[in-house]
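Indexing begins at 1, ligand by ligand and atom by atom, following the structure's order. When a residue number appears, it is its place in the shown sequence, counting from 1. Just the heavy atoms: all of them, side chains too, but no hydrogens, waters or symmetry mates, feed the values below. Treat the numbers as computed from the prediction; the structure is a model and nothing was measured.
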Amino acid sequence: EINFIVYLIITYLLGSIPFGLIISKLFGKDIRKEGSGNIGATNVTRVLGKKAGLLVLILDMLKGFLPIYIAKYIFDTKLVSLLAIASVIGHCFSIFLKFKGGKGVATAIGVLLALSFKAALIVIMFWLGVFLVSGYVSLASMLSASISWVIINFIENNIYYTYAAFIIGLIIILKHKDNLDRLLKGTEYRFLHK
Ligand code: G3P
């Protein structure tokens with residue numbers, strides 16, 4: 001039997017891997033000192049281009065997806081939900097970055113894909129819709145984070161998954177504080193329709 005605490009720590013450590021920072025270092029830059037200063041795929045795309053951004057998006061999703069997908073074969077949904085939260089906490093409060101980190105969106109999408117593929121697809125479609133209409137990545141991320149618990153609740157009808165999506169959504173929104181300030185001031189960086 002695999003010890004849950006050990007699995008929890010591994011999930012947190014995987015979530016903590018700052019792929020955005022690692023990739024930017026390969027380009028000879030520190031992503032934390034460029035653009036929005038965030039380590040996520042959005043800022044990597046902004047600073048280093050689409051290919052680097054896509055790579056970070058995929059890696060940050062995978063580090064969330066894999067441990068949760070495997071955990072579903074080992075633990076009950078209550079424990080899987082705790083692991084889901086731990087993964088996103090890893091990304092947002094990374095042990096490798098003195099507990100600073102990213103905003104959790106890509107990792108949360110990976111986690112959500114593992115928890116509920118259907119719910120994740122709906123959330124991704126919603127995210128894309130808001131992004132294409134508004135042109136703002138952060139607005140799409142915050143609105144998606146706000147509704148994901150409703151969608152997973154409707155699709156999976158599992159209270160632990162609903163709690164997990166709610167708490168993950170809350171973390172993501174809190175991490176977008178600066179983006180929210182900029183959106184309200186009208187100074188947020190627009191990805192589309194510039
Ligand atoms: O996923 C992060 C995104 O919503 C905002 O990123 O770099 O514009 O703060 P950034």
Side-chain angles (χ1 to χ4, degrees), residues 14-25 27 29-65 84-85 87-94 96-97 99-114 120-149 151 164-194:
L14 279 174
S16 285
I17 303 172
F19 283 115
L21 179 62
I22 294 168
I23 303 289
S24 77
K25 291 270 179 172
F27 282 77
K29 289 194 173 168
D30 185 330
I31 194 67
R32 295 169 298 182
K33 298 192 177 85
E34 314 267 343
S36 70
N38 193 41
I39 60 166
T42 305
N43 199 37
V44 171
T45 304
R46 185 181 287 138
V47 174
L48 299 168
K50 274 186 194 152
K51 276 186 197 162
L54 186 65
L55 184 62
V56 172
L57 177 68
I58 292 168
L59 291 171
D60 279 348
M61 279 172 67
L62 268 180
K63 75 183 185 182
F65 177 82
I85 297 166
S87 173
V88 176
I89 287 181
H91 182 83
C92 293
F93 308 94
S94 168
F96 306 120
L97 303 175
F99 302 102
K100 290 191 173 157
K103 298 178 186 175
V105 179
T107 308
I109 293 171
V111 163
L112 197 61
L113 279 165
L121 286 188
I122 295 172
V123 173
I124 291 168
M125 297 302 266
F126 177 82
W127 187 99
L128 272 176
V130 178
F131 173 60
L132 292 176
V133 170
S134 73
Y136 293 114
V137 174
S138 57
L139 185 68
S141 298
M142 280 187 279
L143 291 179
S144 302
S146 321
I147 63 146
S148 69
W149 67 275
I151 292 174
F166 185 85
I167 291 168
I168 290 169
L170 205 60
I171 295 169
I172 291 175
I173 291 166
L174 292 174
K175 278 279 177 173
H176 278 78
K177 187 191 168 297
D178 293 347
N179 300 85
L180 186 59
D181 287 346
R182 287 196 292 268
L183 279 167
L184 294 174
K185 272 192 245 155
T187 56
E188 176 67 322
Y189 174 85
R190 235 196 183 117
F191 232 89
L192 305 173
H193 335 293
K194 281 179 220 178

Exam field: side chain Lys103 to backbone Ile172, donor-acceptor pair closer than 3.5 Å: no

Trp149 atom CH2, neighbour heavy-atom count above 12 within 6.0 Å: no

Salt bridge flag under 4.0 Å for residues Lys177 and Asp181: yes

Ile39 and Leu97: CA distance, side-chain angles, deciding distance, side-chain contact (heavy atoms from CB on, under 4.5 Å) verdict: CA-CA 11 Å; Ile39 60 166; Leu97 303 175; 3.9 Å; yes

Tabulation required: pairs of a nitrogen or oxygen in ligand 1 and a protein nitrogen or oxygen under 3.5 Å; columns are atom names and distance to 0.1 Å; otherwise 'none'.
{"from": "ligand 1", "atom 1": "4 (O)", "to": "Ser141", "atom 2": "OG", "distance (Å)": "3.0"}
{"from": "ligand 1", "atom 1": "4 (O)", "to": "His176", "atom 2": "NE2", "distance (Å)": "2.7"}
{"from": "ligand 1", "atom 1": "7 (O)", "to": "Ser36", "atom 2": "OG", "distance (Å)": "2.6"}
{"from": "ligand 1", "atom 1": "7 (O)", "to": "Arg46", "atom 2": "NH1", "distance (Å)": "2.8"}
{"from": "ligand 1", "atom 1": "8 (O)", "to": "Arg46", "atom 2": "NH1", "distance (Å)": "3.4"}
{"from": "ligand 1", "atom 1": "8 (O)", "to": "Arg46", "atom 2": "NH2", "distance (Å)": "2.7"}
{"from": "ligand 1", "atom 1": "9 (O)", "to": "Lys103", "atom 2": "NZ", "distance (Å)": "2.5"}
{"from": "ligand 1", "atom 1": "9 (O)", "to": "Asn179", "atom 2": "ND2", "distance (Å)": "3.0"}

Exercise: do Ser24 and Glu34 side chains pair donor with acceptor under 3.5 Å: no

Trace of the side-chain contact (heavy atoms from CB on, under 4.5 Å) decision for Trp127 with Val137: CA-CA 8 Å; Trp127 187 99; Val137 174; 3.7 Å; yes

